[in-house]
Each structure stands twice: as structure tokens, then as C-alpha cells.
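For reference, the structure is listed below as C-alpha cells.
Every heavy atom of this structure was used, including side-chain atoms; hydrogens, water molecules and symmetry mates were not. The shown structure was predicted, so the numbers you read here are calculated from the model rather than taken from an experiment. In what follows, chains carry the letters A, B, and so on, assigned in the order in which the sequence lines appear, proteins first and then strands, with residues in each chain numbered from 1.
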Amino acid sequence: MPELPEVETVRRGLAPVLVGKRVASLEARRPDLRFPFPDNFAKRVAGQSVVGLERRAKYLIASLSGGEDLVMHLGMTGRFTIMHEGQADTPGHYAYGVGPDPTHDHVVFHLSGGTRVVYNDPRRFGFMVMMARAERLQHPLFRELGAEPLGEELTADYLAAKAMSRKVNLKAFLMDQHVIAGLGNIYVSEALFQAGLSPNRAARSLADRRGAPTDRAIRLVPAIRDVLERAIEAGGSTLRDYRHADGRRGEFQERFGVYDRAGSACHTAGCGGEIRRAVHSGRATFYCPRCQR
DNA sequence: ACTGTACCCTGTAGGC
DNA sequence: TGCCTACAGGGTACAG
């Protein structure tokens, strides 16, 4: 579900209620999600203050006052919901169709002051792990992550260097978190559309024989950035599960160029082509065969 | 080292 | 209505 724009939207929604606040207690209602929860999870979090809430790729990182980081991933269906003091567990108090869901509300952060932050995840592909803050960058989850797409590390030169020795197509290349960290199935399709590049094209065509970036790599970089920035501005994309931390839906799905539009007309002026659906590495890809070469 | 596939888990949509 | 299959924004563990 949540790709970079969705995770960033959740981060922005959670930060005001979490940062600077103390977690009075943590309630883990099952022993695991995708992975077991950290040893002594509740005890390690309880009583600590959240001193920062960052995002790296699709990870949310809550820095705790004791020196540990709580790293959270939303998987496909993970959702955080803020429940303010006095907001009872009755359906009428839940806005926007978000209701109590005892079977899938797995973790509850009880903040001092009464606000609760509830983590819900039907498929349980999400996870939460803890690590010493000083060791985070060396942790296996972070050590080999690729460039942050909205950061300065992502350049045409970087992409060309990464692509030169690869035999995969562009779709798989951009989905690879070791190359660019944060893109997922929606935004790879959208970025390729915006750059006018076919998902079937070989990744190595981003580099010339010497390893220098081709014009394709040069226009792919701003296309990726622009798609992500517009998506963040729209609060992400809600296909079904995803919600902001306050329950609102994202709106970027209204502006998809190709994603989930198979059989519909391409929006590009004068194109007249029909959006097609294909499968790459077992995942659906959407593209316009006329605009994307 | 790289690449493709199966798999983790649950819910929903569509065909029959 | 019910049953069955395919599919869904994620990543990992293998086999080749």
C-alpha cells in the first residue's frame, strides 16, 4: 500500500501528536506482525518521549529519548490512526469510515494526556523493530538502501552507474529498493509515464557504453521527483486501505496518468492511445504504448 | 552476483 | 446466495 508519498503523509500527520510527547504505555495485542515484535517491546517504549519522527524510504523512524529508534514499516495495509482524548470507541466518534477494528488493531501507543495512536494492519505485512540510534545506518534494513528519491543523491549519473551492469527492465530496476528507496508499484508506473519511457526497456539503456547517463536517465530523475512531490501534495493515493493518520483519504489517485487505467484513453494531448496493463516480476504495470518508448 | 518465482496474510471483487 | 479464483500499495527466501 504505502509508498513514499503515503508514508510521508502519515509522518506529517503523526508528528504533531507524537514528537515531544511521552508514551505512557504501549500495548501490543499479538506477539508479531510480519516479524516478532522486539524483545520486551512494551517495556522498552513505555515511559519514553518521542524526540523525532523521520522517514527514510518507506520506513517511519521514531527516535526515543532513551537512545533507541523504533522503526516501523506499513507493509501493504498498515495504517496509523490518531484517537484523541475523549474519543470513545464508539462508531459515531470515528470519522471518515474509520471504525474500531479489534481483530486488526495490533498496537496501541497510549500517550500521556490521553491521546492514542493505533496501528491497524489486516495483512500484517508491516513490522516494528528497535535498534540503537547510533547503529541505525549500519543495520541491515538501512545499510544497502538506495538513494532517497527526493534527496540530492538521486542524479542521472547515479542512475546510470547503477543501471550499467543490470539486465532487468526499467520497471524492475526502479522497484528495486537498493537503487531508489521509496518507489513502489504505483509511482514507478507513473514516473515512467511522465518520463515517456517504456517499462519494458532495458535498464542499461539509462547509460551509454562509457557509463554516462543518456537523455533517458536525465529526464527520468525530474519525472520521479515531480510525481512524488505532486503525490505528497495530494496526501498520497488511496486505492482501498490507505488513510492519513486522521482518517482522510489521499487524493492522488484522481490524478493518475496510467495506474489502474487499463483500457482507458491516454491523457496526453494528441496521443489517443489506450493504457495497457502488463505484468513485470509478478506485479501489474500500467503504461501507454504510444507515449512510452 | 543477478534474476525470476513462490510465498507470507487477509479481504474483496468478479465469474459461474 | 455461495464457492472459487485472482488480485492488492510490501519485502524476503530461495532456486537456477
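A tilted orientation is assigned to the rings of A/His244 and A/Tyr242, their planes being inclined by 30° to 60°.
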Heteroatom pairs (N/O) under 3.5 angstrom, protein to nucleotides 10-12 of chain B:
residue: B/dT10; atom: OP1; partner: A/Arg124; partner atom: NH1; Å: 2.9
residue: B/dT10; atom: OP1; partner: A/Arg124; partner atom: NH2; Å: 3.4
residue: B/dG11; atom: OP1; partner: A/His104; partner atom: NE2; Å: 2.8
residue: B/dT12; atom: O4'; partner: A/Arg240; partner atom: NH2; Å: 3.1

Measure all distances between protein nitrogen or oxygen atoms and nitrogen or oxygen atoms of nucleotides 12-15 of chain C, and list the pairs falling under 3.5 Å.
residue: C/dT12; atom: O4'; partner: A/Arg34; partner atom: NH2; Å: 3.0

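With salt bridges taken as basic N to acidic carboxylate O contacts below 4.0 Å, one links A/Arg55 and A/Glu148.
A/Ala284 comes within 4.0 angstrom of the backbone, heavy atoms only, and of no base. A/Gly184 comes within contact range of the sugar-phosphate backbone alone, with a heavy-atom separation under 4.0 Å but no base atom that close.
Judged by the 6.0 Å and 45° rule, A/Arg34 forms no cation-pi pair with A/Phe127.
Shown here is A/Arg210, whose CZ atom has no more than 12 heavy atoms of other residues, nucleotides or ligands within 6.0 Å. Annotation for A/Arg276: atom CZ does not count as buried by contact number, only 12 or fewer foreign heavy atoms lying within 6.0 Å.
Taking atom OH of residue A/Tyr242 and atom C1' of nucleotide C/dG10, one finds them 15 Å apart after rounding to whole Å.
With ring centers used as reference points, A/Phe286 lies 6.0 Å or more from A/Phe193.
A/Arg209 pairs by the side-chain hydrogen bond (donor to acceptor under 3.5 Å, both in side chains) definition with nothing, not counting sequence neighbours.
For A/Lys167, taking side-chain heavy atoms from C-beta onward, the closest of the listed nucleotides B/dT3, C/dG10, C/dC7 is B/dT3. Distances from the side chain of A/Gln177 to the nucleotides C/dG11, C/dA8, B/dC2 place C/dG11 closest.
Residue A/Lys58 places at least one side-chain N or O under 4.0 Å from the OP1 or OP2 atom of C/dG11. In this structure, A/Arg283 does not reach the C/dG11 phosphate: none of its side-chain N or O atoms is under 4.0 Å from OP1 or OP2.
B/dC8 has A/Phe125 stacked on its base ring, the centres lying under 5.5 angstrom apart and the planes within 30 degrees of parallel.
Donor-acceptor pairing under 3.5 Å is recorded for the side chains of A/Thr77 and A/Asp121.
The backbone N or O of A/Tyr259 sits nowhere less than 3.5 Å from a side-chain atom of A/Ser189 that would complete a donor-acceptor pair.
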